[in-house]
Colleague: 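Encoded as structure tokens, here's the structure I'll be asking about.
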Amino acid sequence: FFTIAVASPPREFLLPFVIAGPLVFIQFLYDASGHSRKLIPEVVGALAAGSISTAIALAGGWSRPAAFALWILVACRHVPTIVYLRVLLSRRRQKQQQAVNASVIIVQLLPLIAVYLLLFFKIAPAVAIVVFAILFVRAVIGLLTQGEPTPKKIGISEIAFGAFAVLMMGAGYRFGW
């Protein structure tokens, strides 16, 4: 099916893959050098993965702004979560400073600003602001809670938060929330 899709016009759905190409290349270089667990390759890999939702939306006939808003929403979910989880998991190895927690909280605020702008331009569902507000509160509580949560507990809770985000935003797009 992919070959048929590529051979058939319009090919606009390939644009996100072209844009994501350099990100994939950077992630590949880190992976090939055995450093795929560093912050940069994790972030660029997550950003590149967001191109898939945009390509699917473009192939489905969505406008460019609406399709690329999906990519922004995916980035807003993944990038702050990567930063948050790295800090949470590092608690097991060392004590964190308040400055680290403050910077992670600031990173968690950026998606709220981005989603607000998407809402201003009417290219994201209104429920997205609720989703990202909940994710923000989750991060603040997680950072301010004392103790060292196990990776298993963190993983299960992040699967639940991820499923919640996808289902709510999907419903927001579908039902105009």
Side-chain angles (χ1 to χ4, degrees), residues 16 20 23 26-27 30 35-54 57 65-177:
L23 299 173
I26 292 168
Q27 202 281 330
Y30 274 92
H35 295 99
S36 61
R37 294 291 184 185
K38 301 278 187 192
L39 178 62
I40 291 174
E42 286 186 2
V43 168
V44 297
L47 291 173
S51 66
I52 297 169
S53 60
T54 302
F68 279 92
L70 283 176
W71 198 344
I72 293 169
L73 289 171
V74 169
C76 286
R77 165 68 178 126
H78 289 168
V79 174
T81 298
I82 289 168
V83 174
Y84 165 69
L85 292 178
R86 289 177 69 87
V87 169
L88 268 190
L89 293 172
S90 71
R91 282 185 179 175
R92 299 176 60 82
R93 295 183 299 256
Q94 61 192 15
K95 291 289 182 192
Q96 292 298 315
Q97 301 171 350
Q98 293 295 356
V100 171
N101 287 347
S103 63
V104 173
I105 290 171
I106 290 169
V107 169
Q108 299 299 316
L109 281 172
L110 296 176
L112 288 170
I113 295 166
V115 170
Y116 179 77
L117 289 172
L118 294 175
L119 291 173
F120 178 79
F121 292 108
K122 300 182 184 339
I123 53 176
V127 74
I129 199 77
V130 174
V131 168
F132 285 99
I134 290 169
L135 293 174
F136 172 77
V137 170
R138 169 275 267 136
V140 170
I141 291 170
L143 290 170
L144 298 180
T145 301
Q146 297 299 319
E148 299 174 2
T150 64
K152 181 179 180 180
K153 185 176 180 182
I154 293 170
I156 290 170
S157 69
E158 285 306 308
I159 288 171
F161 279 113
F164 164 77
V166 168
L167 292 173
M168 290 302 293
M169 286 191 279
Y173 274 108
R174 174 67 178 100
F175 300 114
W177 296 346

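These numbers come from the heavy atoms of this one structure, side chains and all, not from hydrogens, waters or symmetry mates. All of these numbers come straight from a predicted model, not from anything done at the bench.
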Colleague: Which heavy atom of Y84 sits nearest a heavy atom of G142, and at what distance?
Modeller: OH-CA, 3.5 Å
Colleague: To the nearest 0.5 Å, tell me how far I129 CD1 sits from L119 CG.
Modeller: 5.5 Å
Colleague: Are the side chains of P80 and L110 in touch, meaning some heavy atoms are under 4.5 Å apart?
Modeller: no
Colleague: Within a strict 4.5 Å, meaning less than it, do heavy atoms of the M169 and R174 side chains meet?
Modeller: no
Colleague: Calculate, to the nearest 0.5 Å, the distance between atoms CG and CG belonging to L112 and L135 respectively.
Modeller: 8.5 Å
Colleague: Applying side chain to side chain contact (heavy atoms under 4.5 Å, CB included) to I134 and F164, what does each step give before you reach the verdict?
Modeller: CA-CA 10 Å; I134 290 169; F164 164 77; 3.6 Å; yes
Colleague: Verify side-chain hydrogen bond (donor to acceptor under 3.5 Å, both in side chains) between T81 and R77, making sure each step is shown before the conclusion.
Modeller: CA-CA 6 Å; T81 298; R77 165 68 178 126; 2.7 Å; yes
Colleague: Which value, rounded to the nearest 0.5 Å, describes the distance between Q27 atom CD and L47 atom CG?
Modeller: 11.0 Å
Colleague: If you define the side chain from C-beta out and look only at heavy atoms, does anything of H35 sit under 4.5 Å from P41?
Modeller: no
Colleague: Flag the pair R86 / E42 as yes when at least one side-chain heavy-atom distance between them is below 4.5 Å, and no otherwise.
Modeller: yes
Colleague: The criterion is ring-ring contact (aromatic ring centres under 6.0 Å, His included); which residues satisfy it with F175, sequence neighbours excluded?
Modeller: W177
Colleague: Taking side chain as C-beta onward, heavy atoms only, is L70 less than 4.5 Å from Y173?
Modeller: yes
Colleague: Applying side chain to side chain contact (heavy atoms under 4.5 Å, CB included) to F136 and I105, what does each step give before you reach the verdict?
Modeller: CA-CA 8 Å; F136 172 77; I105 290 171; 3.8 Å; yes
Colleague: Any side-chain heavy-atom pair from F132 and L73 closer than 4.5 angstrom?
Modeller: yes
Colleague: Looking only at heavy atoms, which two atoms of S53 and V74 are closest? And how far apart?
Modeller: OG-CG2, 3.8 Å
Colleague: Using the rule given for side chain to side chain contact (heavy atoms under 4.5 Å, CB included), can you reason through V44 versus Y30, listing the C-alpha separation, both sets of side-chain angles and the distance that settles it, and then say yes or no?
Modeller: CA-CA 10 Å; V44 297; Y30 274 92; 5.8 Å; no
Colleague: Taking side chain as C-beta onward, heavy atoms only, is P65 less than 4.5 Å from F121?
Modeller: no
Colleague: Of all the heavy-atom pairs spanning C76 and A114, show the shortest one and how long it is.
Modeller: SG-CB, 3.7 Å
Colleague: Starting at CG of L88, measure out to OG of S157 and round the result to the nearest 0.5 Å.
Modeller: 8.0 Å
Colleague: When rounded to the nearest 0.5 angstrom, what distance separates CD1 in I72 from OG1 in T54?
Modeller: 8.5 Å
Colleague: Output, in order, the C-alpha distance, side-chain angles, deciding distance and verdict of side chain to side chain contact (heavy atoms under 4.5 Å, CB included) for T150 and I154.
Modeller: CA-CA 6 Å; T150 64; I154 293 170; over 6 Å; no
Colleague: Restricting to non-hydrogen atoms, name the atom on V127 and the atom on G172 that form the minimum distance, rounded to 0.1 Å.
Modeller: CG1-CA, 3.7 Å
